[in-house]
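Only one structure is covered here, and it is reproduced in the block below.
Counting convention: from 1, in listed order, for ligands and their atoms alike.
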Amino acid sequence: MADMETTPAGEETLEAKLEAMLEIEKFEPPEEFREDALLSDASVYEEAEGDWKGWWTAQAKELHWFKEPTEILDDSNPPFYRWFTDGKINASYNCLDRHVQAGNGDRVAFHWRGEEGEERDLTYADLHRDVQRFANALKDLGIGKGDIVGIYLPMIPEVVVAMLACARIGAPHNVVFGGFAADSVRERMEFSEAKALVTVDGARRKGKTAPIKQQVDDVMGDLETLEHIVVVQHTGADCEMHDGRDVWFHEVMDKADAECPAEELDAEHPLYVLYTSGSTAKPKGVVHTTGGYMTGVTSTHRYVFDLKPDRDVWWCSADVGWVTGHSYIVYGPMGNGATSVMYEGAPDYPHKGIWWELCERYGVTLFYTAPTAIRACMKWGVGHVNKHDLSKLRLLGTVGEPINPKAWLWYHMVVGGERCPIVDTWWQTETGAIMITPLPGIVATKPGSATRPFPGVAADVVDEREGKPVADGQGLLVLKRPWPAMLRTLYKEDERFVETYFSRFGKETYLVGDAARKDKDGYVWIIGRIDDVVNVSGHRLSTAEVESAIVSHQLVAEAAVIGQSDEDSGQAICAFVTLQGEAVEGSDELVEDIRAHVGVRIGKFARPKRIIWSDDLPKTRSGKIMRRLLRDIADGRALGDVTTLRDPDVMSQLEDKIKEEQAEG
Ligand code: WTA
């Protein structure tokens, strides 16, 4: 379909209106919204603050427990906190059986839409049936409680079936985002010693098919811990099935028994491991457990988005392979019995208005996406949005990176028709659930600020040195009290867990890794990461991971990677590369070759946007690369102190180079 033209005059008026609105400091909750909101009385904050354990216990009680917990928090060995320790629970039971038993089996859990327009409505009863069968199929393969199961699937209903089947039998899943390359999948399977992997024959992306199973075979062959590969037939792509190791999803489903009661698990039984990027090249396996995590995701999903499960249609546009998908496509919404939209394709395929077309078609009322996506939509023009009836929308959310006020206002005006509150939600893979966010019926919003901590959460901005609260200014974001959905450790790396998050200010203060600012009203403004983590379009990447991929290219001697500010993606990967041998400059082909190499090693989304050839890199006398200087230079800022460099000339050479590049355009 051809892109729809937007009238230039219309865009101009909008632009003027947006500029004018930048002057508005605060947006009060719309009266109509407030009247009907689940929470509209600010006293909830004081009450939760006065008895935060009681507040979380009340949230936990909304779940189904085989045995209700009497012990709330075990804080005897910080930072290894444990919640609801004597309770027995199952996440899959909470996401399925409970709703079926309450008579809501016929409710649609997912309106699934395939890339080529296929549609499937899956009810809670459908998923209850499929999940039980797949849970039995996993058992038939010898997978049991405590075994790790890898999942590498596109956005198809089977991904939900696989996750909940694992949860049902107490086998923690390890989902890898479909955008990661097979090499990254292998690494994550190896680190977690996964016993099985659920994947797909092929995946579709913008009209093309990628041979996923073949790619997996290329790297997984010698991984002894991986005993089984279950393959979902999705595109019909050619794939070889290895005897004794590979089985088809539909075949094992056919053979499996229909009934599989959910295991009664300890509240602290691990629900999943999810690898995320940290300061070093080795990804961190964030471990979440069952009772606390389910408490966090269901309560935040309910109150932050004001969810009325019998009336609302929810759409979180993230991929299930990131934490946002785990918490707000699967466990939060399904725990609450919500009806959701799940879309397989990209936001601009088959056309740039597809999201809004789907919002109209399924009557979406609550929509949650990333600032990057909003900026892309702004670029594509209002015509794609205005063509569709979005009058059912009543709340909008964002997550993943700071949102610039202009994108916020555009979202508010163009998508939200000026009537929907916007919740800017700050959280992380590690926090499991939303931590800083407005409650839409209570808190006035300011474009660009995630506002204040969710009830029961103790977040603060402190100074770098002593960790003292900063009243009105910039500092480090910390969380000063345990919360139920917090990570419990890093998989098989307890020491790294303590070192990464609890060494700076002691074992009771969680170091977030973000810088933030608090304003005179106590509102929190997230600035960005303080470590070597880059946020590209809301995708979290470690500079060290990208460096190690670049250096593994045979012509590269050394590389330093930084995140550079980028209008579209928030940050973009910029790599300074030193070649082997005499040559300083590489050809355009080599640029493409290095980018492709990173694509194969990590995933396409990690490819550097810019490569700067450099004879040498700025290093301290002890040989450490000074990325701070590279960041300054790439963003065109004045250089800070260079006296600690081994060879200060390196910087002036690089500066000349960048100027040259800019002159060439
Ligand atoms: C950033 C994604 C500003 C932040 C859920 C955090 C945000 C990292 C916001 C976690 C927000 C997330 N405003 N920054 N609303 N939400 N971030 O683990 O730097 O993929 O530390 O979790 O994203 O990324 P992760």
Ion pair [X]/[Y], N-O distance below 4.0 Å:
X	Y	value
Glu401	Arg375	yes
Arg601	Glu545	no
Arg627	Glu547	yes

Test log, rule ring-ring contact (aromatic ring centres under 6.0 Å, His included), inputs Tyr152 and Phe180: CA-CA 9 Å; Tyr152 181 47; Phe180 274 111; 8.7 Å; no
Parallel, tilted or perpendicular, judged at 30° and 60°: which one describes the rings of Tyr331 and Tyr272?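 Rings of Tyr331 and Tyr272: parallel, under 30°.
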Parallel under 30°, tilted from 30 to 60°, perpendicular over 60°: which one fits the rings of His326 and His173?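 His326 vs His173 ring planes: tilted.
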The answer, listing residues by chain and number that come under 4.0 Å of ligand 1 through any heavy atom, is Val323, Thr324, Val399, Gly400, Glu401, Pro402, Asp424, Thr425, Trp426, Trp427, Gln428, Thr429, Asp514, Ile526, Arg529, Asn535, Arg540
